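Quick note on labels: first sequence line is chain A, next is B, and so on, each numbered from 1. Everything numeric in this text was worked out from a predicted model, so none of it was measured.
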Amino acid sequence: TQLLEQSPQFLSIQEGENLTVYCNSSSVFSSLQWYRQEPGEGPVLLVTVVTGGEVKKLKRLTFQFGDARKDSSLHITAAQPGDTGLYLCAGANPGSYKLIFGSGTRLLVRP
Amino acid sequence: GAVVSQHPSWVICKSGTSVKIECRSLDFQATTMFWYRQFPKQSLMLMATSNEGSKATYEQGVEKDKFLINHASLTLSTLTVTSAHPEDSSFYICSARANGVAGQETQYFGPGTRLLVL
């Protein structure tokens with residue numbers, strides 16, 4: 001069974017600080033998604049990365065897919081309280097429709 | 001685009017009753033939908049894959065007779081929790097698979113349904 005390990009599990013930072021969340025696996029994924037979830041709501045898709053080494057930017061969020069397509073990172077610049085939430089990475093096995101979810105990173109940005 | 005709705009958003013029921021949760025893709029057709037369960041402060045756990053016009057595929061450890069799934073159309077999948085018990089209380093989330101570039105699997109999630117069984 002493929003596993004996706006996310007780190008850190010919890011992160012509490014001050015507004016304005018930068019942070020990076022990591023998503024690692026020993027297996028290759030055909031694509032990887034990052035989601036953000038707020039309490040009592042469903043996950044909201046932030047980005048999908050497909051190509052090894054791919055970098056995508058979404059305002060202050062930068063997503064990178066590892067060259068070997070086994071890992072990914074999410075970097076947030078100048079975090080704001082509105083960034084608070086649960087960040088989930090999810091990977092798709094080659095040839096499979098299923099997503100394997102990481103354990104999640106709970107981010108708290110203090111004003 | 002790519003909006004998924006769930007109904008109801010929350011439900012409270014007595015132990016022994018059955019509860020039906022609907023998942024709809026509002027602006028796209030979804031041949032494949034997924035049902036997840038999420039416990040407090042944990043990640044999503046896939047329960048089953050719902051395929052339009054065919055039987056659902058259940059993950060290991062998920063009782064198919066307990067969690068009945070019907071995917072009767074390209075925009076609707078339902079999950080029925082039969083004879084619910086307090087341990088079935090959880091946050092149930094559905095997603096719908098949106099086809100894009102080959103090999104790029106993107107799922108769009110519903111807002112979730114919180115079930116409380118008394």
Side-chain angles (χ1 to χ4, degrees), chain A residues 1-11 21 23 25 28-52 54 56 63 65 69 72 84-108, chain B residues 1-10 21 23-25 30-52 56-61 90-116:
Chain A
T1 303
Q2 278 189 309
L3 293 175
L4 263 177
E5 297 183 357
Q6 269 187 254
S7 61
Q9 291 186 0
F10 305 99
L11 195 54
V21 177
C23 182
S25 174
V28 175
F29 293 102
S30 58
S31 66
L32 193 138
Q33 288 82 43
W34 283 93
Y35 294 86
R36 179 167 155 253
Q37 184 182 24
E38 300 200 26
E41 299 181 8
V44 174
L45 179 67
L46 297 174
V47 76
T48 300
V49 286
V50 179
T51 306
E54 183 177 5
K56 283 191 174 179
F63 305 86
F65 201 12
R69 292 185 292 147
S72 181
T84 293
L86 176 66
Y87 288 83
L88 296 160
C89 65
N93 288 336
S96 173
Y97 297 157
K98 297 181 187 179
L99 285 181
I100 298 168
F101 275 85
S103 52
T105 295
R106 196 165 295 277
L107 172 66
L108 172 64
Chain B
V3 178
V4 176
S5 69
Q6 273 184 249
H7 178 80
S9 56
W10 60 270
I21 303 170
C23 177
R24 294 181 185 273
S25 56
T31 55
T32 306
M33 292 184 174
F34 302 88
W35 287 96
Y36 295 83
R37 186 173 179 175
Q38 186 177 33
F39 291 105
K41 298 186 178 181
Q42 293 189 22
S43 188
L44 278 69
M45 181 190 77
L46 178 64
M47 298 175 64
T49 303
S50 173
N51 302 296
E52 188 267 336
T57 304
Y58 291 82
E59 294 301 300
Q60 191 172 8
S90 191
F91 192 49
Y92 293 88
I93 309 174
C94 73
S95 71
R97 174 175 168 256
N99 292 356
V101 175
Q104 179 179 330
E105 297 301 329
T106 297
Q107 292 183 22
Y108 295 92
F109 285 81
T113 297
R114 187 162 299 283
L115 170 64
L116 176 61

Would you check if A:Leu45 and B:Tyr108 make a side-chain contact, meaning some heavy-atom pair closer than 4.5 Å? yes
Donor-acceptor pair, B:Thr113 side chain versus B:Pro8 backbone, under 3.5 Å? yes
Side chain of A:Gln6, backbone of A:Gly104: donor and acceptor closer than 3.5 Å? yes
Under 4.5 Å to a heavy atom of chain B? For A:Gln37 that would be side chain
Less than 6.0 Å separating the ring centroids of B:Phe109 and A:Phe101? yes
Counting heavy-atom pairs under 4.5 Å with chain A, the top scorer among B:Gln6, B:Gln38, B:Arg114 is B:Gln38
Most contact-rich option vs chain B, by heavy-atom pairs under 4.5 angstrom, among A:Pro39, A:Gly102, A:Gly40, is A:Gly40
Test your reading of the model: is there a side-chain donor-acceptor pair from A:Ser72 to the backbone of A:Cys23, 3.5 Å cut-off? no
If I measure from the heavy atoms of chain A, does B:Gln60 come under 4.5 Å with its side chain, its backbone, both, or neither? neither
Let me know if B:Leu46 has heavy atoms under 4.5 Å from chain A in its side chain, its backbone, both or neither. side chain
